[in-house]
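None of these values were measured; they are calculated from a predicted model.
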2 protein chains.
Amino acid sequence: MLRLSKKVDYGLILLSRLAQRSETASAREMAAKYDLPPSMIANVLKALTGAGILVSTRGAQGGYELARPAGRISLAEIVEALEGPFSLVDCVGDEVICRYTEVCPTHDPIRVVHQRFHDFMAKLTLAEIVGDARFGTLQTADGHEKAHLPG
Amino acid sequence: MLRLSKKVDYGLILLSRLAQRSETASAREMAAKYDLPPSMIANVLKALTGAGILVSTRGAQGGYELARPAGRISLAEIVEALEGPFSLVDCVGDEVICRYTEVCPTHDPIRVVHQRFHDFMAKLTLAEIVGDARFGTLQTADGHEKAHLPG
DNA sequence: CTCAATCCGTACCGGATCGGTCCCATATGC
DNA sequence: GCATATGGGACCGATCCGGTACGGATTGAG
Ligand code: FES
Ligand code: FES
C-alpha cells in the first residue's frame, strides 16, 4: 500500500519535537510524553542516529538531538533511514534490466513517476513540515495555499 | 513500505497500453502480451472498470478501453481504485480525532504531508506519465528538466 | 440455438512484511 | 557502584500482498 510505515510516522513525531526545542531528549522521555511504544521509539531513534540524522549522547543525562538544522533534513532521508532504500516498484534501480524491456510500455514511464516521487520527498524538509503547520499553511486540493499568518 | 502495490504497477502497464492505442483490448490478450499473471490482470481490469476509469464490452470480441482521455485520468484515481482510499498514516481522514491531539506535535504536520502527496498524485495524469517518457523528459534530482525533444 | 469468448463477483491461500517486544552489551554521570 | 542511557540484535503474532480459482452473466459467431 502507498502508506508510511509506523516507524516513519513515529519518526516524524520525534523529529518534530526535536526540531522545535533544541534541548536533547531521551527515548524514554519522549515515549512517555507521546504515549508511544517505548521499544519502538528506541529502535526508531537508533535508526535515525545510524543514518546521521540525529546525534546521540550516551550515559546518564544522555539523549538525542538533530545532527543538522531542520531545513537540511529531507523527508526522503527520513523515509530511507527507516524503511530502507526507496523504490516505488521492483524495476526501479540503477539500470535494472527488466524482464521484457522491449515489450513493457512502462519501463520509462514508471521510472519517471518514481523519480518525481523521490524529488518531491527530497525537496520537502523537516523545517517545512513543521513550519507549514505551525504557520497554518495548508495546501488545498487545487494547490491553492491559504496562510493564516504566524502568531 | 512506501511502495506501489503490484496491482498499481500492472495497472499502469495496462493503462499505458490502452492510452497509446485506442482499440479495445481483452484481459487475456494483454496478459499474454506482457507475460503477466492472467488472473491478476483480470482483477485489475475489473477494479479499474468498477472505478469508472475503464469501460468494458462483454461477450466475444469484447474488451476494455479508457473511459476518458488520458489527460483526465490521474495517478491518484488509479491508486485509489486499486488500493482503496489513500492515507499516508492512520490519523488522516475527515477530521479524525487522534488519540492525543493536544500533545501530538504532528497532528497538523502529517496532514500537510498527506495533502501534498495527494495533490501531487492528483495532478499527475496518465497522459503525462506516458507522454513524458515518450518525449524523453526526465526530471533530475534538482528539478531541472532535460527534454530530448519528440521524434 | 449452441458454443466459445469475455467480463463479473468473490472467495481462498501461502508467504512476505509490519508492528511491537525483549534481551544483553556498552557507555557515562553521580 | 549503580542508575540511566544508547547500541545492536533476535524474535513473534497479526496483517497485508501477490497470486489463483471458480461459478455466473453477457454477447457475438456459426
Ligand atoms: S518490467 Fe521494468 S519497467 Fe516494465
Ligand atoms: S495522533 Fe493523529 S496526528 Fe498525531
Nearest-nucleotide comparison on DNA chain D, the residue closer to the 5′ end among Leu2(A) and Asn43(A): Asn43(A)
OP1 or OP2 of dA5(D) under 4.0 Å from side-chain N/O of Arg28(A): yes
Phosphate-side-chain proximity, Tyr10(A) and dG20(C), N/O vs OP1/OP2 below 4.0 Å: yes
Residue pair Ala81(A) / Leu48(A): nearest heavy atoms and the distance that separates them: CB-CD2, 4.2 Å
Over all atoms of both residues, closest heavy-atom pair of Glu29(A) and Ala25(A): OE1-CA, 3.9 Å
Over how many whole Å does the gap from [X] atom [atom1] to [N] atom [atom2] extend?
{"X": "Lys7(B)", "N": "dT20(D)", "atom1": "NZ", "atom2": "P", "result": "13 Å"}
{"X": "Asp9(B)", "N": "dC17(D)", "atom1": "CG", "atom2": "C1'", "result": "13 Å"}
{"X": "Leu48(A)", "N": "dT6(D)", "atom1": "CG", "atom2": "P", "result": "13 Å"}
{"X": "Met40(A)", "N": "dC18(C)", "atom1": "CE", "atom2": "P", "result": "10 Å"}
{"X": "Arg3(A)", "N": "dC16(D)", "atom1": "CZ", "atom2": "C1'", "result": "11 Å"}
{"X": "Ile41(A)", "N": "dA5(D)", "atom1": "CD1", "atom2": "P", "result": "16 Å"}
{"X": "Leu4(B)", "N": "dG18(D)", "atom1": "CG", "atom2": "C1'", "result": "15 Å"}
{"X": "Leu36(A)", "N": "dT21(C)", "atom1": "CG", "atom2": "P", "result": "11 Å"}

Heavy-atom protein contacts under 4.0 Å, nucleotides 12-17 of chain C, coded B base, S sugar-phosphate only, - none: ------
Ring geometry between Phe86(A) and His118(A) (parallel below 30°, tilted from 30 to 60°, perpendicular above 60°): tilted
Gap separating the [atom1] atom of [X] from the [atom2] atom of [Y], nearest 0.5 angstrom:
{"X": "Lys46(A)", "Y": "Ile41(A)", "atom1": "NZ", "atom2": "CD1", "answer": "11.5 Å"}
{"X": "Asp90(B)", "Y": "Lys6(A)", "atom1": "CG", "atom2": "NZ", "answer": "3.5 Å"}
{"X": "Leu75(A)", "Y": "Phe117(B)", "atom1": "CG", "atom2": "CZ", "answer": "5.5 Å"}

DNA chain D contacts made by residues 49-68 of chain A, counting heavy atoms under 4.0 Å: Thr49(A), Ser56(A), Thr57(A), Arg58(A), Gly59(A), Ala60(A), Gly63(A), Tyr64(A)
Touch class at under 4.0 angstrom, heavy-atom based, for Ala27(B) against every strand present: sugar-phosphate
First of Glu83(A) and Ser39(A) reached from the 5' end of DNA chain C, by closest nucleotide: Glu83(A)
Closest-nucleotide ordering on DNA chain C, the 5'-leading residue of Lys46(B) and Lys46(A): Lys46(B)
Arg68(B) atom CZ, over 12 foreign heavy atoms within 6.0 Å: yes
Sole residue of Leu12(B), Val44(B), Ile53(B), Asn43(B) in side-chain contact (heavy atoms from CB on, under 4.5 Å) with Leu82(B): Val44(B)
Donor on one side chain, acceptor on other, Ser87(A) and Arg3(B), under 3.5 Å: yes
